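Here the structure comes first, spelled out in structure tokens, and everything after it is commentary.
Computed from a predicted structure; not experimentally measured.
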Amino acid sequence: MKKIIGQLKPYVPEEPAESVKARLGVDRLVRLSANENPYGTSPKVREAVLDYVVNNDANLYPDGNASALRAKLANYWTVEENQLVIGVGLDEVISMVNKTFINTGDSIVISVPAFSEYGLNGLVEGAVIREVPCIEATGQYDFGAMRKAVDDTTRIVWICNPNNPTGTYESVEDIHKFIGTLPDNVLVIIDEAYIDFVTSVAVPTARVLLDEFPNVCIMRTFSKAYGLANYRVGYMMSSAELANYIQTIRLPYNLNTLSQVAAEAAFEDQEFLRATVRQNAVERDLWEQTLDEVKATYYKSGANFIFMSVPNVEALADEWLAKGYQVRRGQRENWLRVTLPPADDGVIMRSVLKDYMARQ
Ligand SMILES: *Cc1c(COP(=O)(O)O)cnc(C)c1O
């Protein structure tokens, strides 16, 4: 066993809903702890998957290049097909990036609190993780401090935008300025898992930076706004040179055909995506109003979740859970990350919150 493995803790996946329900004795459990899409999946996905299953055996290997999906993505983003690396969820792409680019002793700079996979996969490859605290008052990235954490040993700087778990959004202008200060042998990976949910600016994505900086990579996933978490599809856009390095270590048939077919159908149904984003934005406003009213602490969110704190937050999480609402704990002492539920559930949860705060 590698020495580092003994020091790592595995990602604790969500407990299956049936098991939580049995444990709590509730009939209905709404999982708001993994930022999945609470509005479901495009009905076009079910059609496409059924059509594939009805008409095909499973004896042949899938298309190892996910050619049809690749062509659609390349066309949409106006990148060459060889600038795309498609993975079994973005998680696999994050792992492949670390395998490809990290030598033992390299450093990786991340803002904390952060998505746990960046650090975990880096550590496995022997990296030193440099954690830079976000700005406490706003949850925004402290780009000045991040710049100071970069030195000759630094291979990767992660920018998660909007950031998980803080929910905060960084403007393309600020990211542009930051990248301008970095040596060009440092990879800047911009994880846009939640970017579709940003409604405060017309063009929130940093896609434009790909053309300007050869060291910029942009990541996307179908798991969140597209409602496809179960099928595991994510991808990265970068220069063809960087993408080709990663392709050398990618497993030949990583995406099965169901995942490919599902992602194609989801990508084509942009109306489903827009409806999700619209409803999420309405709910996000309602939540922020209530959080202001009850004087909770929270960060302004551009995502489909809100990171928040109230006195003795675990007790609030327990009250929500008793009503069948499971939120995410443990990412920062006395803070919760709440995936925003659809309207009806939002009304109930906010009334629990108001009631709870009246007793504090
Ligand atoms: C959910 C998430 C991912 C992983 O997505 P998958 O495609 O489901 O593996 C990556 N980055 C961030 C920030 C996430 O929140």
Side-chain angles (χ1 to χ4, degrees), residues 11 34-37 73 77 79 83-102 108-123 125 127 129-132 134 139-143 146 154-172 174-176 178-179 182 186-198 203-210 213 215-226 228-229 232-239 242-243 246 299 301-305 307 328 331 337 339:
Y11 184 87
N35 298 339
E36 295 147 315
N37 189 331
L73 294 172
W77 290 112
V79 295
Q83 291 182 263
L84 288 162
V85 175
I86 309 177
V88 178
L90 195 44
D91 285 347
E92 192 197 25
V93 185
I94 293 170
S95 156
M96 289 193 283
V97 162
N98 281 282
K99 263 193 198 166
T100 305
F101 296 109
I102 296 299
I108 295 176
V109 172
I110 59 179
S111 173
V112 289
F115 183 54
S116 59
E117 294 301 299
Y118 307 150
L120 179 76
N121 285 284
L123 287 171
E125 304 307 326
I129 311 299
R130 298 205 176 134
E131 300 187 335
V132 179
C134 70
Q140 302 286 140
Y141 274 36
D142 187 342
F143 283 122
M146 287 175 75
T154 307
R155 283 280 70 75
I156 299 177
V157 175
W158 284 97
I159 299 176
C160 183
N161 197 35
N163 186 57
N164 181 4
T166 55
T168 44
Y169 172 72
E170 305 298 337
S171 71
V172 176
D174 286 351
I175 295 174
H176 182 268
F178 173 63
I179 296 173
L182 296 174
V186 174
L187 293 183
V188 182
I189 308 187
I190 307 173
D191 180 344
E192 297 191 334
Y194 300 97
I195 198 85
D196 291 308
F197 293 110
V198 176
V203 185
T205 177
R207 158 67 186 86
V208 64
L209 303 184
L210 260 190
F213 300 101
N215 53 327
V216 164
C217 309
I218 294 184
M219 291 185 159
R220 292 280 182 135
T221 175
F222 282 92
S223 295
K224 309 288 163 51
Y226 284 97
L228 213 64
R232 317 297 304 119
V233 185
Y235 60 97
M236 186 171 100
M237 299 182 267
S238 67
S239 70
L242 294 178
I246 300 173
Y299 293 142
S301 171
N304 66 338
F305 56 87
F307 200 46
R328 183 59 170 251
Q331 291 177 310
R337 192 193 66 196
T339 308

Shortest non-hydrogen contact from [X] toward [Y]:
{"X": "Thr100", "Y": "Met96", "value": "OG1-O, 2.7 Å"}
{"X": "Tyr299", "Y": "Thr168", "value": "CB-CG2, 4.0 Å"}
{"X": "Val132", "Y": "Val109", "value": "CG2-CG1, 4.0 Å"}
{"X": "Thr166", "Y": "Pro113", "value": "CG2-CG, 3.9 Å"}
{"X": "Leu210", "Y": "Ser238", "value": "CD2-CA, 3.8 Å"}
{"X": "Ala127", "Y": "Ile102", "value": "CB-CG2, 3.7 Å"}

To the nearest 0.5 angstrom, please state how far the [atom1] atom of [X] sits from the [atom2] atom of [Y].
{"X": "Arg207", "Y": "Met237", "atom1": "CZ", "atom2": "CE", "value": "6.5 Å"}
{"X": "Leu123", "Y": "Ile108", "atom1": "CG", "atom2": "CD1", "value": "7.5 Å"}
{"X": "Ser116", "Y": "Gln331", "atom1": "OG", "atom2": "CD", "value": "8.0 Å"}
{"X": "Ile86", "Y": "Leu73", "atom1": "CD1", "atom2": "CG", "value": "5.5 Å"}
{"X": "Leu182", "Y": "Leu187", "atom1": "CG", "atom2": "CG", "value": "11.0 Å"}
{"X": "Asn121", "Y": "Asp91", "atom1": "CG", "atom2": "CG", "value": "8.0 Å"}

Counting only N and O atoms by type, is there a donor-acceptor contact under 3.5 Å from the side chain of [X] to the main-chain atoms of [Y]?
{"X": "Glu170", "Y": "Tyr141", "result": "yes"}
{"X": "Asn37", "Y": "Ala225", "result": "yes"}
{"X": "Asn215", "Y": "Val188", "result": "no"}
{"X": "Gln140", "Y": "Cys134", "result": "no"}

Side chains of [X] and [Y]: does their closest heavy-atom pair fall under 4.5 Å?
{"X": "Phe197", "Y": "Pro162", "answer": "no"}
{"X": "Phe178", "Y": "Ile159", "answer": "yes"}
{"X": "Leu90", "Y": "Ser223", "answer": "no"}
{"X": "Pro165", "Y": "Asn163", "answer": "yes"}
{"X": "Met219", "Y": "Trp158", "answer": "yes"}
{"X": "Tyr194", "Y": "Asn304", "answer": "yes"}
{"X": "Arg220", "Y": "Asp196", "answer": "yes"}
{"X": "Met236", "Y": "Leu242", "answer": "no"}

Worked verdict on Asn98 versus Ile156 for side-chain contact (heavy atoms from CB on, under 4.5 Å): CA-CA 9 Å; Asn98 281 282; Ile156 299 177; 4.2 Å; yes
side-chain contact (heavy atoms from CB on, under 4.5 Å) evaluation trace for Asn35 with Arg328: CA-CA 9 Å; Asn35 298 339; Arg328 183 59 170 251; over 6 Å; no
Step-by-step side-chain contact (heavy atoms from CB on, under 4.5 Å) determination, Val85 to Tyr235: CA-CA 5 Å; Val85 175; Tyr235 60 97; over 6 Å; no
side-chain contact (heavy atoms from CB on, under 4.5 Å) between Ile175 and Val216, intermediate numbers included: CA-CA 11 Å; Ile175 295 174; Val216 164; over 6 Å; no
Aromatic ring pairing Phe115/Tyr118, orientation class (parallel under 30°, perpendicular over 60°, tilted between): perpendicular
Thr339 side chain to Glu36 side chain, donor-acceptor N/O pair below 3.5 angstrom: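 Side-chain D/A pair, Thr339 to Glu36: absent.
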Exercise: do Asn164 and Arg337 side chains pair donor with acceptor under 3.5 Å: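 Yes.
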Charged tip of Arg155 within 45° of Phe101 ring normal and under 6.0 Å: no
